[in-house]
Amino acid sequence: MTSDGRPTAVDETGEAPRARRAPARKAQARPIVLPETMTVQYLAEVLNQNPIDVIKQLMRNGIMAAMNQVIDYQVATLVTTPLGIRTSMAEAPTAAKGPVVEGADTEDSANLEVRPPVVTVLGHVDHGKTSLLDYIKSTRVADREVGGITQHIGAYQIEANGQPITFLDTPGHAAFTAIRARGARVTDIAVLVVAADDGLMPQTLEAINHAKAAEVPIVVAINKMDLPGADPERVKRQLSEQELLVEDWGGDVISCDVSAKTGDGIDNLLENLLLVAEIAELKADPAKSAQGTVVEAKLDRKRGTSATVLVQDGTLNVGDFIVAGNAYGRVKAMSNDQGKTVKNVLPGSPAEVLGFGSLPEAGDQFVVTDNEKDARGMAGDGDRSHGGRPGQTRALTLEEVVNQVDTDTVKELNLVVKADVQGSVEAVRGALERLVDEDAKVRVLHGGSGAVTESDILLASASEAIVISFSIGAEPSAERLADRMGVEIRHYEIIYQLIDDVEKALHGMLDPVYTEVIVGRAEVREIFEGRRGTQIAGCRVSEGRVIRNADVRVVRDGAVIEDSVISSLRHFRDEVNEMNAGTECGIILQGFNDYQEGDVLEVHRQERGRR
């Protein structure tokens, strides 16, 4: 009977059952895969936990994080470990690893084949970029454009001496600087088109800076040589002022005099492009799954989403599952630059792809997956884990550069300088470039007058630079883009404050300097035998302090005979931490017993100082 008079329940054996135990927790079959970075809210959703509880657990570990704040995998384990949840970190998607490194050790060298070079055509508006390609292709591309000006990136492939060359024709007008910046990042060679009668113009200088930031070889095409006012020597002189010294002047930059109207010099230009490509040894593995870059994308009411892609490695086939950024789908159809339907696209070749479920962004890298589930998961993980677009890099802030004293990853401080007038630009640029150290330096990627534009932000993002604005503001669209891409804009009105901040950042980039400081000295006056065969040096502290566990060297007749550590420091029979000058003490050194009267024990330490 129970205490309240009810009969006790019995089981089939006639015995009263034992107290019912709580059901055992089912063992976790496999670890939860977490991305390298994620928001706190995403972590809570994956773990099926209340976000408030996750935040509290982070606070217990001294980490203050909001719902939408991004944390890394190591921080996430501080939440999962107390909960008994096993986790593993997901491998970074291939699409987020950046462009293919030619000749990488991970490639099977037996499968590597020479691929066509990707050439980007850069230059000022109306200097003849599209006309140059027009002659090479023997088609009238410019006739199809509004006002004869290219309004989007076009990808074309031609043959020269039996070898294919892929061209990216980027707009030269200032309004399309963003597209020009994307073109420079996916190219192997940059062709800078300069009109012989016009010389270097503002957009030409920006094109040079974009090509330099992309670290690609530059071939100069001096166009419009058929005009009476053509002056190629003036162009070469202007190029030398931009640190582009042509071969005729003893430099290493190839320049070709051409005329897009008559065709003079075109064959020489193509031969030089093939020569530069041969020196670069551009190779890829066509047997791999494809990966590359989305050049442009558009939405057509009849055809759906179409994207112009550039295959950088592997082979893209119809039917492949493809993911680019947050967009994914299955390749339904492909066509080449001539509009012909193709079944596969080899490395170094462009194609228009139909099959994306949503619109990818130009500049997104794409990768082929095994199935639709993997593609959908990769697109979803990229969206949630980073709280933004996958693969998007964020430039450093000036404070972060200052705090990089413990790393050697940054040795060059990249800056984009904008000022109210050109005179101020030169003054600021000159002052900054004089801040030179043997181990670190300032590199001004671009300097110009006028407000900070989207072009400046894109250049800073591509090269992890900081935008310096002196006595001028930024366009609203540029500020929004900077906020989205994580680029810092620093505004200054006083040049001395600007120089001071940059100088601090430059010092922060340097490795710390350590100097040795003598803490104290003690002279051995008498030697005592200790336990277990150890010797105790009876010393008098002559200067400074002697500290237990400090580094010490034994000096005899002016020569150092031993470096050791003070393992025991005694005053009479008491163990003490330190003894000051004028006092007597007993010292035992770790691993050293060969004292002699008159030896000097120098206590020293390493102190870190600013360079």
Any F321 side-chain heavy atom under 4.5 Å of R376 side chain: no
field: Main-chain N/O of G128 paired to S131 side chain as donor or acceptor, under 3.5 Å
entry: no
message: Between K418 (side chain only) and S469 (backbone N and O only), is there a donor and an acceptor less than 3.5 Å apart?
response: no
E488/R490 ion pair, N-O < 4.0 Å: yes
- prompt: Say you draw a straight line from OG of S306 to NZ of K332; how long is it, rounded to the nearest 0.5 Å?
  reply: 12.0 Å
message: As an exercise, state the distance from CG of L269 to CD of E271, rounded to the nearest 0.5 Å.
response: 10.0 Å
- prompt: Are V367 and I322 close enough, and set up right, to give a side-chain contact (heavy atoms from CB on, under 4.5 Å), and what steps lead you there?
  reply: CA-CA 6 Å; V367 65; I322 187 172; over 6 Å; no
task: Give, for atom CG of L244 and atom CG of L192, the distance between the pair rounded to the nearest 0.5 Å.
output: 7.5 Å
field: D313 side chain reached by K288 side chain, heavy atoms, under 4.5 Å
entry: yes
message: Checking E475 against T453: is there a side-chain donor and acceptor pair closer than 3.5 Å?
response: no
- prompt: Have Y73 and T87 got a donor and an acceptor in their side chains that come within less than 3.5 Å?
  reply: yes
query: In Å and rounded to the nearest 0.5 Å, what is the CD to OG distance from Q157 to S349?
result: 4.0 Å
- request: Using a cut-off of 6.0 Å, state whether more than 12 heavy atoms not belonging to E278 lie near its atom CD.
  value: no
field: Heavy-atom check, side chain of V193 versus side chain of L122, under 4.5 Å
entry: no
Salt bridge (charged side-chain N to carboxylate O under 4.0 Å, His left out) evaluation trace for R330 with D320: CA-CA 6 Å; R330 189 171 189 176; D320 285 345; over 6 Å; no
- request: Before giving the answer on side-chain contact (heavy atoms from CB on, under 4.5 Å), spell out for L458 and L481 the whole-Å C-alpha distance, their side-chain angles and the decisive distance to 0.1 Å.
  value: CA-CA 8 Å; L458 286 165; L481 182 63; 4.1 Å; yes
field: Distance-minimising heavy-atom pair for A474 and E479
entry: CB-CG, 3.7 Å
message: What I'd like to find out is whether the side chain of P116 reaches to under 4.5 Å of the side chain of I165, using heavy atoms alone.
response: no
- prompt: For the atom pair CD1 (I468) and CG (D456), what is the distance rounded to the nearest 0.5 Å?
  reply: 12.0 Å
query: Are T77 and V79 close enough that some pair of their side-chain heavy atoms sits under 4.5 Å apart?
result: no
task: For the residue pair N161 and L270, establish whether any side-chain heavy-atom pair is separated by less than 4.5 Å.
output: no
query: Can any side-chain N or O of N336 pair as donor or acceptor with the backbone N or O of T341 at less than 3.5 Å?
result: no
- request: Would you name the heavy atoms of G123 and K129 that are closest together and state the gap between them?
  value: N-CD, 3.4 Å
message: Please determine whether side-chain contact (heavy atoms from CB on, under 4.5 Å) holds for the pair V309 and T293, giving the CA-CA distance in whole Å, both sets of side-chain angles, and the decisive distance to 0.1 Å.
response: CA-CA 6 Å; V309 301; T293 303; over 6 Å; no
message: Please find the pair of heavy atoms, one from G348 and one from V118, that lie closest to each other, and give the distance.
response: O-CG2, 4.3 Å
- request: Without swapping roles, check the side chain of T315 against the backbone of P286 for a donor-acceptor pair under 3.5 Å.
  value: yes
- request: Please assess D188 against R115 for the test salt bridge (charged side-chain N to carboxylate O under 4.0 Å, His left out), listing each intermediate value before the final yes or no.
  value: CA-CA 11 Å; D188 301 311; R115 66 165 176 82; 2.9 Å; yes
statement: Correct closest heavy-atom pair for V294 and A324 would be CG2-CB, 3.9 Å
- prompt: Atom CG in L43, atom CD in Q49: separation rounded to 0.5 Å?
  reply: 9.0 Å
message: With heavy-atom distances below 4.5 Å as the criterion, would you say the side chains of V487 and V467 are in contact?
response: yes
query: Got V331 and L354 here, is their nearest side-chain heavy-atom distance under 4.5 Å?
result: no
message: Quick check on side-chain contact (heavy atoms from CB on, under 4.5 Å): which of V353, V311, V323 does F366 satisfy it with?
response: V311
message: Would the distance check show the side chain of T187 and the main-chain N or O of T120 forming a donor-acceptor pair, the cut-off being under 3.5 Å?
response: yes
message: Is there a side-chain contact (heavy atoms from CB on, under 4.5 Å) between R443 and L415? Walk through the geometry before answering.
response: CA-CA 6 Å; R443 180 188 178 197; L415 300 175; over 6 Å; no
- prompt: In terms of heavy-atom contacts, does CG of N50 have more than 12 from other residues, nucleotides or ligands at under 6.0 Å?
  reply: yes
message: So which atom in L316 and which in M334 form the shortest heavy-atom distance, rounded to 0.1 Å?
response: O-CE, 3.4 Å
- line: All heavy atoms of A44 vs all of V54, minimum pair found to be CB-CG2, 3.9 Å
query: So, T308 versus E352: side-chain donor-acceptor pair below 3.5 Å or not?
result: no
